[in-house]
Amino acid sequence: TLEQLRSGALVGTRRLDLSCGLTSLPPEVFGLADTLEVLNLSGNRLRDLPDLSRLHRLRVLFCSDNDFTHVPEHLGAHASLRMVGF
């Protein structure tokens, strides 16, 4: 899926599952801002997330089984986010 994301093959997708040992969020995810509603980042090695407010349609975010030590504060200000799992 990461290769598909980077090649542009996932343009228009509403759900993205990335579990491939990520240590940071690929910038290509923000290219899906107009359609992405569900982002599953579970099973990676993430320690932090960038501000996701550009993903204005994002409703569901899963981040379990990562290396987070805190929930990023900016998630609380994300207007469309309805469900978050850590």
Side-chain angles (χ1 to χ4, degrees):
T1 303
L2 185 56
E3 290 175 16
Q4 292 175 314
L5 176 66
R6 289 189 170 147
S7 73
L10 299 178
V11 170
T13 194
R14 293 176 52 202
R15 179 186 177 107
L16 181 61
D17 296 302
L18 288 177
S19 179
C20 49
L22 296 175
T23 56
S24 62
L25 188 68
E28 293 87 355
V29 170
F30 294 103
L32 304 174
D34 291 333
T35 58
L36 191 63
E37 296 178 5
V38 179
L39 180 56
N40 182 1
L41 298 172
S42 297
N44 287 291
R45 297 183 322 223
L46 298 170
R47 292 180 180 203
D48 203 4
L49 287 175
D51 183 356
L52 300 177
S53 62
R54 290 184 283 168
L55 300 174
H56 58 272
R57 292 185 176 262
L58 189 64
R59 295 182 301 118
V60 178
L61 174 66
F62 296 119
C63 293
S64 62
D65 196 24
N66 276 283
D67 295 333
F68 290 98
T69 58
H70 67 281
V71 176
E73 289 182 29
H74 60 80
L75 292 180
H78 195 292
S80 63
L81 203 53
R82 299 289 178 249
M83 181 186 299
V84 177
F86 275 83

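When all heavy atoms of V29 and L5 are compared, the closest pair comes out as CG2-CD2, 3.8 Å. Between L32 and L10, the shortest heavy-atom contact is CD2-O, 3.3 Å. Between L52 and L75 the shortest heavy-atom distance is CD1-CD2, 4.0 Å. Between V60 and L58, the shortest heavy-atom distance links the atoms O-CD1, 3.5 Å. Shortest non-hydrogen contact noted between L25 and P50 is CD2-CG, 3.8 Å. Heavy atoms only, all atoms of each residue included: P26 and L2 are closest at CG-CD1, 3.7 Å.
With hydrogens and angles ignored, the 3.5 Å screen pairs no side-chain donor or acceptor of N40 with any backbone N or O of L61. Without hydrogens or angle criteria, D51 side chain to S53 main chain gives a donor-acceptor distance under 3.5 Å. Judged purely by atom type and a 3.5 angstrom limit, S80 uses its side chain to pair as donor or acceptor with the backbone of H56.
Atom CG of residue L55 and atom CG of residue D34 lie 10.0 Å apart, to the nearest 0.5 angstrom. In this structure, OG1 in T69 is found 8.0 Å from CG in D48, a value given to the nearest 0.5 Å. Atoms SG and CG, from C63 and L46 in turn, are 7.0 Å apart once rounded to the nearest 0.5 Å. The structure places CG of L18 at 14.0 Å from CZ of F62, a figure rounded to the nearest 0.5 Å. Here the CZ atom belonging to R54 is positioned 10.5 Å from the NE2 atom belonging to H78, to the nearest 0.5 angstrom. Put simply, CZ on R82 and CZ on R59 are 9.0 Å apart, with the number rounded to the nearest 0.5 Å.
With hydrophobic clusters built from ILVMFWY side chains whose heavy atoms lie under 4.5 angstrom apart, L22 shares a cluster with V71.
Exactly one of R14, R15, R57 qualifies for a side chain to side chain contact (heavy atoms under 4.5 Å, CB included) with V38. That residue is R15.
Judged by distance alone, the side chains of S19 and S42 never bring a donor and an acceptor atom under 3.5 Å apart.
Using a 4.5 Å heavy-atom threshold, the side chains of T1 and D17 count as separate.
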